[in-house]
Amino acid sequence: MPGKKPLLLLTQNGRGPGKDSAGRALPTTHLDRAVPDKPDDLSPEASAEWDRLVDGSGIRAWLKASDRAALANLCETWSEIVRLRKYLRKNGFKYRTTVRDSSGAVTTKYAERPEVKIYRGLLTEHRYLATAFGLTPTAETGAARATAATEAPSDLANPFAGGSR
């Protein structure tokens, strides 16, 4: 059985706005798309990341007001990653410590800083949030497919009509 036709194809060959070729109503999303207001309490790095993402990444068309907290979380996570990376570059990922064993012998060894674990956790969280917003290469492919299926291009001829531009 053939797969479901993309929404774009159904609207291109439809009988009117929101109708398919048989005159049936097409599914619509009832989401109010709008760029959320930037929170006032973002750190400077997070604020810069917010501006970069909203103005330059292409997610602007996908955002809705309810995405404010998740987007702020993504930006603050990035800010913490930057802060910890600077700290770890300055102080190193390991530190020297002296350990005394049960017999009383003292040895010196290098141990991983506790901040490294936090840094790794932030990287994982950032990757998860970036994927949720379609900002990773894998998520971008899926996002492109979803956008192509739901948004009719305003300046292109019908790509399914068989004619050229």
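- A heavy-atom distance below 4.5 Å is not found between the side chains of Y119 and R113.
- For D37, the CG atom is loosely surrounded, since the number of other residues' heavy atoms within 6.0 Å does not exceed 12.
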One pair to check against salt bridge (charged side-chain N to carboxylate O under 4.0 Å, His left out): R120 and E112. What are the steps and the verdict?
CA-CA 12 Å; R120 287 187 185 131; E112 191 173 75; 3.1 Å; yes
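- In this structure, D51 contributes its side chain and A48 its backbone to no donor-acceptor pair below 3.5 Å.
- In this structure, V99 and V106 have side chains that are not in contact, with every pair of non-hydrogen atoms separated by 4.5 Å or more.
- Cluster membership for V35 and L129, using ILVMFWY side-chain heavy atoms within less than 4.5 angstrom, is shared.
- Using a 4.5 Å heavy-atom threshold, the side chains of L63 and L71 count as touching.
- Put simply, the side chain of E80 does not reach to within 4.5 Å of the side chain of T77, judged on heavy atoms.
- A donor and an acceptor atom, one from each side chain of T97 and K109, are nowhere located under 3.5 Å apart.
- W50 and L135 fall within the same hydrophobic cluster, where Ile, Leu, Val, Met, Phe, Trp and Tyr residues are linked whenever their side-chain heavy atoms come under 4.5 Å apart, directly or through other members.
- By the 4.5 Å heavy-atom criterion applied to side chains, P36 and K64 are not counted as neighbours.
- Between E125 atom CD and L74 atom CG the span is 9.0 Å, to the nearest 0.5 Å.
- No side-chain heavy atom of N91 sits less than 4.5 Å from a side-chain heavy atom of E115.
- V54 and W78 are assigned to two separate hydrophobic clusters, defined by single-linkage of ILVMFWY side chains at heavy-atom distances under 4.5 Å.
- Using a 4.5 Å cut-off on side-chain heavy atoms (C-beta onward), K38 and S47 make contact.
- Between P39 and A72, the shortest heavy-atom contact is CG-CB, 4.0 Å.
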